[in-house]
Amino acid sequence: MVIYDPEDDNQLEIEKPKCQIVGWSIRVEWNNGEEEDLIDVPDDVSGTIDMWLSDVEQDQHEFDGQGI
């Protein structure tokens with residue numbers, strides 16, 4: 001994000017701390033309305049999700065934390 005300071009006629013860069021994903025789960029909603037977090041995910045599945053989440057983090061940083 002850039003802020004314009006009319007007194008200095010400069011643009012001041014404000015640096016935000018980079019956010020990192022520290023955990024995730026898969027939340028399911030059953031047809032009876034109950035919700036459940038699935039946390040015991042097989043390695044081949046979790047590895048793929050971890051790679052995708054790394055891309056999501058990178059996209060967040062490239063878009064200055066504005067979302068993807």
Side-chain angles (χ1 to χ4, degrees):
M1 171 171 56
V2 176
I3 293 181
Y4 180 72
D5 183 353
E7 291 182 10
D8 289 337
D9 197 29
N10 291 322
Q11 289 185 344
L12 305 174
E13 186 74 25
I14 296 178
E15 204 170 306
K16 291 183 175 180
K18 293 183 178 179
C19 294
Q20 294 181 318
I21 297 169
V22 295
W24 59 267
S25 67
I26 297 175
R27 174 165 283 202
V28 297
E29 182 177 347
W30 299 101
N31 63 352
N32 64 0
E34 290 185 27
E35 292 182 350
E36 180 180 0
D37 285 326
L38 304 177
I39 56 173
D40 189 20
V41 181
D43 289 341
D44 59 326
V45 174
S46 64
T48 302
I49 294 171
D50 287 339
M51 287 188 298
W52 176 71
L53 290 174
S54 292
D55 290 343
V56 169
E57 285 177 329
Q58 185 62 39
D59 289 346
Q60 286 289 99
H61 298 182
E62 290 174 5
F63 289 112
D64 194 29
Q66 299 299 315
I68 53 174

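All values below were derived from every heavy atom in this structure, side-chain atoms included, with hydrogens, water molecules and symmetry-related copies excluded.
Every residue two or more places apart in sequence or in another chain that forms a side-chain hydrogen bond (donor to acceptor under 3.5 Å, both in side chains) with Trp30 is listed here: Glu36. Taking Glu35 as the reference, Arg27 meet the side-chain hydrogen bond (donor to acceptor under 3.5 Å, both in side chains) condition, with sequence neighbours excluded.
How far CH2 of Trp24 is from CD1 of Ile49: 3.5 Å, rounded to the nearest 0.5 Å.
Tracing side-chain contacts under 4.5 Å through hydrophobic residues (I, L, V, M, F, W, Y), one reaches Leu53 starting from Leu38; they form part of the same cluster.
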Let me check something: any side-chain donor-acceptor pairs from residues 40-47 under 3.5 Å, sequence neighbours excluded? List them with distances.
residue	atom	partner	partner atom	Å
Ser46	OG	Pro42	O	3.4
Ser46	OG	Asp43	O	3.2

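Residue pairs meeting the salt bridge (Lys or Arg N to Asp or Glu O under 4.0 Å) criterion with at least one partner in residues 47-58, sequence neighbours excluded, are absent.
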